[in-house]
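Worksheet for the structure shown next.
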Amino acid sequence: MDKNKSSRRGRNSLSDDEKRTHCVSVRLNKLELNWLDTHRQKNKKKYLRGEYLRMSSLGNLPRVIPEINKNVWLELGAIGNNLNQIAKKLNKGHRSQGALIEKFVVELNSLRNEVIGLKKELIKD
């Protein structure tokens with residue numbers, strides 16, 4: 001079968017530079033192995049040991065957001081929604097108060113994003 005056929009299923013082939021062809025072995029004692037297993041399972045997706053070590057060594061570990069931060073983020077979202085509705089109603093009659101609430105909503109959204117670890121540069125209002 002021709003490698004270039006479009007009917008090929010599965011992942012696309014990696015270029016020679018992207019293929020992982022080198023193997024590095026690491027020996028760990030029981031304590032180190034327990035530490036590795038504990039840390040790699042903190043994510044929803046459970047990574048293979050080698051995959052986790054590679055991500056860790058390259059500084060590509062996924063962000064772990066504590067459950068309490070997720071809950072606060074959701075609650076702040078509900079508050080922001082309510083404030084948005086109030087601002088829309090106020091904008092129909094009182095411009096100055098509506099603008100104040102809109103500014104508060106922007107600040108609230110910024111706080112929400114900081115709770116889950118998003119940087120301010122990434123936030124789009």
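Partners of R112 by salt bridge (Lys or Arg N to Asp or Glu O under 4.0 Å), not counting sequence neighbours: none found. With sequence neighbours excluded, the residues satisfying side-chain contact (heavy atoms from CB on, under 4.5 Å) with R54 are R20, E51, L58. With sequence neighbours excluded, the residues forming a side-chain contact (heavy atoms from CB on, under 4.5 Å) with L53 are L36, listed by chain and number. In this structure L14 satisfies the side-chain contact (heavy atoms from CB on, under 4.5 Å) test together with E18, K19, sequence neighbours excluded. Residues satisfying the side-chain contact (heavy atoms from CB on, under 4.5 Å) test with N81, not counting sequence neighbours, are none.
V26 and Y47 fall within the same hydrophobic cluster, where Ile, Leu, Val, Met, Phe, Trp and Tyr residues are linked whenever their side-chain heavy atoms come under 4.5 Å apart, directly or through other members.
Atom CG of residue N71 and atom CG of residue L76 lie 11.0 Å apart, to the nearest 0.5 angstrom.
Closest non-hydrogen pair, L61 versus Y52, comes out as CD2-CE1, 3.5 Å. Residues N34 and T38 approach most closely at O-OG1, 2.8 Å, considering heavy atoms.
Among residue pairs with one or both ends in residues 21-39, those qualifying as salt bridge (Lys or Arg N to Asp or Glu O under 4.0 Å) are D37-R40, D37-R49; sequence neighbours excluded.
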